[in-house]
Amino acid sequence: MKSWSCIENCGACCRFDLAERDNLEGALSHKDIDLINSMTKKDGWCKYFDKSKRNCMIYESRPHFCRVNEFSTSFKGYLKNGDKFLIDCCKQHISSIYGSKSKQMKAFKTAVSKK
Ligand code: SF4
Ligand code: SF4
């Protein structure tokens with residue numbers, strides 16, 4: 001059975017387009033949305049994402065909605081389908097940012113298969 005796992009040097013979920021994230025409905029407060037908007041640069045990437053290293057510059061103090069293990073419990077899809085829901089979300093993000101045949105997708109598939 002596959003288990004969700006985040007991989008290093010990805011950050012595909014650090015580019016926001018709330019219009020494309022309809023599954024977040026109900027999981028984010030108005031305060032969260034204001035925070036996301038304040039973090040989002042014109043190109044859609046989070047201002048705390050270091051594009052050259054592909055990592056989070058505020059990892060230890062990142063907002064709660066960036067903490068997948070904690071935040072996922074707010075989703076009906078997670079409660080129903082568990083890690084499969086998270087794996088599908090990551091695949092969507094990785095595919096849209098890096099492509100379905102990217103090295104990030106390959107690394108992600110390997111990581112979730114190993115556990
Ligand atoms: S898309 Fe998934 S694997 Fe990539 S950084 Fe986000 S949570 Fe981690
Ligand atoms: S705060 Fe960090 S983990 Fe959250 S979106 Fe920004 S770069 Fe990504």
Side-chain angles (χ1 to χ4, degrees):
M1 191 175 145
K2 293 182 178 178
S3 299
W4 175 81
S5 177
C6 185
I7 56 167
E8 288 187 354
N9 310 119
C10 173
C13 55
C14 299
R15 187 177 186 283
F16 303 114
D17 185 345
L18 288 176
E20 288 177 7
R21 299 205 185 178
D22 50 357
N23 62 357
L24 290 178
E25 207 174 314
L28 294 170
S29 66
H30 291 299
K31 202 174 157 190
D32 292 334
I33 291 170
D34 287 346
L35 180 57
I36 289 174
N37 287 333
S38 74
M39 290 164 59
T40 306
K41 298 190 297 184
K42 280 188 182 156
D43 63 3
W45 285 96
C46 173
K47 66 182 180 181
Y48 299 116
F49 184 65
D50 183 332
K51 277 192 194 171
S52 61
K53 294 179 184 161
R54 285 206 296 270
N55 62 21
C56 175
M57 294 186 274
I58 58 159
Y59 188 77
E60 294 303 326
S61 57
R62 67 200 188 284
H64 78 98
F65 46 77
C66 298
R67 298 168 188 265
V68 178
N69 283 333
E70 296 168 27
F71 190 48
S72 57
T73 57
S74 327
F75 291 92
K76 282 184 194 152
Y78 178 75
L79 297 174
K80 193 173 169 198
N81 296 315
D83 277 15
K84 182 181 181 309
F85 171 78
L86 298 180
I87 290 169
D88 288 346
C89 289
C90 283
K91 281 184 179 172
Q92 278 174 26
H93 292 313
I94 295 169
S95 184
S96 76
I97 299 293
Y98 299 119
S100 59
K101 297 193 165 123
S102 60
K103 63 180 181 184
Q104 289 83 2
M105 182 66 89
K106 198 175 167 190
F108 180 72
K109 285 181 176 174
T110 303
V112 298
S113 303
K114 272 184 184 167
K115 292 187 87 188

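The first residue of the sequence shown is numbered 1, and numbering continues consecutively from there. The analysis underlying the following values was restricted to heavy atoms, covering all of them including side chains, and did not include hydrogens, waters or symmetry mates. First listed ligand is number 1; within each ligand, the first listed atom is number 1.
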Are F65 and E70 close enough that some pair of their side-chain heavy atoms sits under 4.5 Å apart? no
Among protein heavy atoms, which lies nearest atom 2 (Fe) of ligand 2, and at what distance? C56 SG, 2.3 Å
Measuring only between side-chain heavy atoms, which start at C-beta, is L35 closer than 4.5 Å to P63? yes
When you measure from atom 5 (S) of ligand 2 to every protein heavy atom, which one gives the shortest distance, and what is it? F16 CZ, 3.5 Å
Within-4.5 Å side-chain heavy-atom neighbours: K47 and M57: no
Geometric cation-pi criterion R67 and F71, 6.0 Å radius, 45° cone: no
State, yes or no, whether a side-chain contact exists between N69 and W4 at a heavy-atom distance under 4.5 Å. yes
As an exercise, identify every atom of ligand 1 less than 4.0 angstrom from a heavy atom of C6. 3 (S), 5 (S), 7 (S), 8 (Fe)
If we only consider heavy atoms of Y59, is any one of them less than 4.0 Å away from an atom in ligand 2? no
What residue and heavy atom of the protein are closest to atom 1 (S) of ligand 2, and at what distance? M39 CE, 3.6 Å
At less than 2.8 Å, would any N/O/S atom of C46, backbone or side chain, sit next to atom 6 (Fe) of ligand 2? yes
Can you name the atoms of ligand 1, numbered from 1 with element, that are less than 4.0 Å from a heavy atom of C10? 1 (S), 4 (Fe), 5 (S)
In the protein, which heavy atom is nearest to atom 3 (S) of ligand 1, and how far is it? I7 N, 3.6 Å
Can you find a pair of side-chain heavy atoms, one from S29 and one from D32, that are under 4.5 Å apart? yes
Counting each atom of ligand 2 from 1 as listed, which ones have a heavy atom of F49 under 4.0 Å away? 7 (S)
For Y98 and C10, indicate whether the former's side chain and the latter's backbone hold a donor-acceptor pair under 3.5 Å. yes
Show me which atoms of ligand 1 lie under 4.0 Å from any heavy atom of C13. 1 (S), 5 (S), 6 (Fe), 7 (S)
Just by modelled atom types, is the Q92 backbone N or O under 3.5 Å from a matching donor or acceptor in the S95 side chain? no
At less than 4.0 angstrom from any non-hydrogen atom of C66, what atoms of ligand 2 do you find? 1 (S), 3 (S), 4 (Fe), 5 (S)
Is there an N/O/S atom in C14 at a distance below 2.8 Å from atom 2 (Fe) of ligand 2? no
